Amino acid sequence: MGLQACLLGLFALILSGKCSYSPEPDQRRTLPPGWVSLGRADPEEELSLTFALRQQNVERLSELVQAVSDPSSPQYGKYLTLENVADLVRPSPLTLHTVQKWLLAAGAQKCHSVITQDFLTCWLSIRQAELLLPGAEFHHYVGGPTETHVVRSPHPYQLPQALAPHVDFVGGLHRFPPTSSLRQRPEPQVTGTVGLHLGVTPSVIRKRYNLTSQDVGSGTSNNSQACAQFLEQYFHDSDLAQFMRLFGGNFAHQASVARVVGQQGRGRAGIEASLDVQYLMSAGANISTWVYSSPGDSGAGCWSVSGRHQFRPTFPASSPYVTTVGGTSFQEPFLITNEIVDYISGGGFSNVFPRPSYQEEAVTKFLSSSPHLPPSSYFNASGRAYPDVAALSDGYWVVSNRVPIPWVSGTSASTPVFGGILSLINEHRILSGRPPLGFLNPRLYQQHGAGLFDVTRGCHESCLDEEVEGQGFCSGPGWDPVTGWGTPNFPALLKTLLNP
């Protein structure tokens, strides 16, 4: 009787109590700092929601990811095609039928899916969405440095119990865009002029990480790299062209992206999107670059791909399937010297993801040997630890809206630099008849950071209380949760990652 009642709820859309469930018990109920409510949304206003359908064979997929990413496995580098993945994880016919029937009964329109069919995005009116998701109450909000407008629900939602085997969560309700790590710092003061530089530019990065003018893409391989831009963060072609005229004169490069996938807005350029494109294309110079544009849920991001272009929703930096990049600065301002921790570099231990096996040895060693650990109550020692690597994140020059802007800082700067360098390594692998690197972390930890400059000085910011007094984790020899294994030394890293 109870199951029949819940099934009827797929059409009635008014189920509650014992016939409903909360798919995300950790839903945020507090408004993030810097965001303001503008009041309830109009019931007839439309919004899009994304429904995550239950995948099949997830454990098998995890096993395959480990096998193709482990250099000691005979499956290393034998990647699945997107079609292979789709065949493996595609939701069951029952799941597809049940969810589609539920959404059609609610009046959902213009639904579209992805190749794997595990994400379904539909348009509904606010009224329909609130009936579909009991507990949800949609409001307009504005916030962030660019005064972004979003529609979100401050209250948790529920789903009919009959959908529990079929829907993992619904996106677009309560997660707010993350705050960018980029900051514009005041100009440092320094005496003397020997080896002076006036901020981080492509030539400074290439000198520090031992990239010569010949370390660029060949333009002949099936190699590519990509950035994603979200929340109306757009780059401008004119900014990229001006950036390369100013800073790209001593290495071969491309002054325009190969393709933009999605909607490229005509408004003002975003500094984060501008930085991503300009430094991915100057570190990974002369390599075909795509930009994926979406009004989705986070700021921007970069990655290196080869052959097939793919786009999937972004993961948080603490995901065990992401190579996370921390931040460093020069030990002496304006001098290309050794690097120390950039105090705004993120890092630590995840409260969501458990520690993956590939980093067990490195993290255990750090926890047992570091003389500067915060109190144990301040972090989850058994969680996924990050970052994995680092790069310069302090004092960048960026061109945005045709204006050169100095002293831009944050790990949003270090990430495209490291991504571009990996693209160059993929170039060498492809030209040698080898597959691209794919998921780097298992190999990175097996090789104990070979090919990287170990950063051993500095700590990042933490809570300003009496117990830790603003000091978080500190760097040290080997891996640490501030700079990971360190920053790239291109010739050594290429030698380490070229074979097999």
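Predicted model, so just to flag it, every value in this text is computed and none were measured.
Residues meeting the ring pair (Phe, Tyr, Trp, His ring centres under 6.0 Å) test with Phe490, sequence neighbours left out: none. Taking the ring pair (Phe, Tyr, Trp, His ring centres under 6.0 Å) definition, one finds that Tyr279 meets it with Phe243, Tyr396, sequence neighbours left out.
Test Ile421, Leu452, Leu422 against Val389 for side chain to side chain contact (heavy atoms under 4.5 Å, CB included) and you get one pass: Leu452. Of the candidates Tyr358, Tyr445, Trp485, Tyr445 is the only one forming a side chain to side chain donor-acceptor pair (under 3.5 Å) with Asp388.
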Intermediate values then yes/no, side-chain hydrogen bond (donor to acceptor under 3.5 Å, both in side chains), Glu427 and Asn223 | CA-CA 6 Å; Glu427 180 86 1; Asn223 189 18; 2.9 Å; yes

Can you list the steps and then say if Ser393 with Asp342 is a side-chain hydrogen bond (donor to acceptor under 3.5 Å, both in side chains)?
-> CA-CA 7 Å; Ser393 60; Asp342 185 348; 2.7 Å; yes

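With salt bridges taken as basic N to acidic carboxylate O contacts below 4.0 Å, one links Arg175 and Glu24.
Relative orientation of the His253 and Phe251 rings is perpendicular, given thresholds of 30° and 60° on the angle between their planes.
The line from CG of Asp239 to CE of Met244 is 12.0 Å long, rounded to the nearest 0.5 Å.
Counting heavy-atom neighbours within 6.0 Å of Glu361 CD, excluding the residue itself, gives a total of 12 or less. By the 6.0 Å contact criterion, CZ on Arg457 is open, its count of non-hydrogen atoms from other residues, nucleotides or ligands being 12 or less.
A cation-pi arrangement, defined by a distance under 6.0 Å to the six-membered ring centre and an angle within 45 degrees of its axis, is absent between Arg384 and Phe349. Both cation-pi conditions hold for Arg208 and Phe453: the charged atom is under 6.0 angstrom from the six-membered ring centre and inside a 45 degree cone around its axis.
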